[in-house]
Amino acid sequence: MHFLTSSNWDAVTNDAGQIDVKASHFGIAAMLIGTMIVAVIAVVVGVPISVGAAIYLTFYAPNAIKKIMVSAIDLMAAFPSVLFGLWGFFVLEASGEYWAKLLNKYFSWIPFFKLPAPYVSRSPFIAGLVLAVMIIPIVTSISREIFSQTPLDRIQAAYALGGTRFAMLRAVAFPYARSGIVGGIMLGLGRAMGETVAVYTVLNIVYQVNWHILFSAGGNVASMILLKFGEASPYEIKALMAAGLVLFILTLIVNSLANLIVSRTGKSGR
Amino acid sequence: MSTMTKPTVPAPRKPWAASPKDRGETAGILAAAILISWGLVAATPLKGKLAYAAVFFVAYLVIDFAVSFRKAGRPAAVDSLFRSLVTTAIAIAVTPIISILVTVWIRGHKGFHWTLFTKDMHSNAFTDPISQGGLLHAIIGTFLLVIFAMIISVPIGILTAIYLTEIRGRFTRPIEFLVQAMSGVPSIVAGLFIYAAILLPFTKTVNGIQGSLALAILMIPTVARTSQEVLKLIPGDLREAGVALGGTQWRSVALVVVPAARSGLITAMILGVARVAGETAPILLLTGGSGTKNFNVFSGSLGSLPNYVWQAFSAGTPEAIARAWAGILVLLVIVVILFTAARVLGNRKVGKK
């Protein structure tokens, strides 16, 4: 349990350069919380955009635009994560810092947006934005796939009853697609929680529990593993393995929960 | 009788098409919103592009809502509001794609030269001038990793999907659960797993096939899930027709269902490859990052594109960063080519059916 609740990562070596098993202790609480924070930011930012985009692509877009955009978004799902990392580091960082300052200026009465010190670069907020960009194509393409399966006769029935497009969406498409969209969001969340390289590139990994999402300190279990792996001693590698196990169990729980929701809403929705 | 009128035939109309008046209205709303955003930014302390965008957005929504409300009441107004919202969503979703493509091109083509494809890095450091060294070794490495990952995972993935949708044996539910759970496995965990299961106890060193195995772990759920979704969409009529013609289940699956789902299965494969081609984290743990060409995945450190980019990025000097972007450019071009090829292939099969 100490491993889950403590926020220290001290690999103490003794005089002979060997690792001191008793004095070393490892804990990943800060990283776990950091992982959750970053993933939640990604979902909060990314999901409305992706579901909206999916609705636009399925029900509003003219055919020509639709084809181009669907290809573009599917292509984006194939972009390697290291590319998102570099893009986040060199491009999004600048805008992200500006947005972070704005958020802090106007919304600092919300505890999350407070800044303990005026450093906003490489914050969980920016990492969350990069992850949001990464999950947008996934969630969009899954939602679009689901929306496009809405039975045509029901859609036409809704229109024939004099419904507007929004009325049709609310009465037909949303109930039909709800469970599938939850599935898409779940995949997005899973990817956001386990993302390693992009977060490693963008986030300033610091070993402390940090609730201030705009502040330049955060953590993520996956990138912590990558960070420590290079210079880790065999004993420390065991601890990293344990961290990996925790991450695995965490994603497993999220996925199973979401699966439960999916199977339940699936029945009422159809 | 001269007053008798001919029955008038009304000209066909398209009541749903936008009339000039509608278009004028849309333009008017846009103009008003632009004016308001310009005026507000000038008059208040709000500054910058973001302020323009935000004010414009809100103003457009409000005016559009009010106009539709006057014209056709609340349902139409809500409809119109929703349309604006989803249009904004797609605009926001597409912006990063354009930004990424433009960035990669602008930053990548500086470090790009054709000898990248003929040289490797065995006698160069990442901080050397960009004209020295290349990434042939990395391209070969990535190609090998992906091919072997495909060989392992595509049959497993598609057969799993067929088991889940067609055979529906006793283990369907637990396996479905496992596949769904596995699709959430973070890439670093797959890397750690192979590290613990194969590298530590057996090989004790880095090589290519370990990377392929880790990539296969990541690919199987993607392939299986997508294939399963595709197979589910095949109408039951087709299966019943196959069986009614006297086919066994095997024949109706192999000759009716799978061909009908072919384009979808290819898409599943692409998505799997796309998922792993640029995967960096497990590669960093398992394959090593040699700068020499290596055609043998079973022994020796194997360089790969993501690894190359990563090392170059970590080296940090301007030359190395230029290298990283050039590497990304090549990786992206490969991904785009693969993607387009598979798209075209998938579409053609559908057309033939």
Side-chain angles (χ1 to χ4, degrees), chain A residues 48-53 55-57 60-61 69 71-84 86-87 90-92 98-99 102 133 136-137 140 145 149 164-167 169 186-187 190-191 193-197 201 222 225-226 229 240-241 244 247-248 251-252 254-256 259, chain B residues 48 50 75-76 78-79 81-83 85-90 92-94 96-100 103-104 107 177 180-181 183-189 192-193 195-196 200 229 233 270-271 273-275 277-281 284-285 305-306 309-310 313 324-325 328 331-332 335-336 338-339 343:
Chain A
I49 295 175
S50 357
V51 175
I55 292 173
Y56 177 82
L57 288 175
Y60 287 86
M69 291 202 168
S71 310
I73 286 176
D74 283 358
L75 177 67
M76 192 175 168
F79 285 178
S81 55
V82 60
L83 166 55
F84 285 104
L86 260 67
W87 177 76
F90 287 106
V91 181
L92 190 68
Y98 176 60
W99 297 338
L102 280 186
V133 171
I136 281 174
T140 304
E145 196 84 359
Q149 288 163 27
T164 58
R165 212 174 293 207
F166 176 70
L169 286 170
M186 164 190 99
L187 276 184
R191 175 139 187 208
M193 287 205 316
E195 183 48 51
T196 316
V197 172
T201 332
I225 295 173
L226 188 62
F229 211 85
L240 288 172
M241 292 281 178
L247 180 62
F248 177 61
T251 48
L252 204 67
V254 167
N255 281 356
S256 315
N259 279 341
Chain B
L50 196 66
V78 175
D79 187 49
L81 182 72
F82 193 71
R83 167 192 278 273
L85 284 179
V86 293
T87 314
T88 314
I90 187 80
I92 298 177
V94 170
I97 305 183
I98 296 168
S99 166
I100 287 175
T103 312
V104 170
R107 300 199 183 218
F177 177 80
Q180 273 174 341
S183 69
V185 169
S187 56
I188 187 103
V189 170
L192 278 179
F193 169 68
Y195 191 92
L200 273 185
E229 289 298 319
L233 293 184
I270 307 164
L271 283 178
V273 172
R275 169 99 167 77
E279 198 54 75
T280 315
L284 291 178
L285 300 186
L305 278 173
V309 172
W310 184 255
F313 174 71
W325 281 108
I328 277 280
L331 182 57
L332 192 63
V335 169
V336 170
L338 267 177
F339 190 83
R343 255 294 157 92

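Residue numbering restarts at 1 for every chain, and letters A, B, ... go by the order of the sequence lines. Only this structure's heavy atoms are used, side chains among them; waters, hydrogens and symmetry mates stay out.
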Verdict with reasoning, A/Thr251 to B/Val189, per side-chain contact (heavy atoms from CB on, under 4.5 Å): CA-CA 10 Å; A/Thr251 48; B/Val189 170; over 6 Å; no
Residue, of A/Val82, A/Ile225, A/Leu75, A/Ile136, that accumulates the most heavy atom pairs under 4.5 Å with chain B: A/Leu75
Rounded distance [0.5 Å steps], OG1 in A/Thr164 versus CZ in B/Arg83: 11.0 Å
Heavy-atom proximity to chain A below 4.5 Å, by part of B/Leu305: neither
Segment of A/Phe84 engaging chain B (4.5 angstrom heavy-atom cut-off): side chain
Side chain, backbone, both or neither of A/Leu57 within contact of chain B (heavy atoms, under 4.5 Å): side chain
A/Ser71, part contacting chain B, at a heavy-atom distance under 4.5 Å: both
Portion of A/Leu252 that has a non-hydrogen atom of chain B nearer than 4.5 angstrom: side chain
Under 4.5 Å from any heavy atom of chain B - which part of A/Thr196: side chain
Options B/Thr88, B/Leu285, B/Ile98, B/Leu331, ranked by heavy-atom pairs under 4.5 Å with chain A, top entry: B/Leu285
A/Val91 portion near chain B, given a 4.5 angstrom heavy-atom threshold: side chain
Parallel, tilted or perpendicular: rings of B/Phe82 and A/Phe166 (30°, 60°): tilted
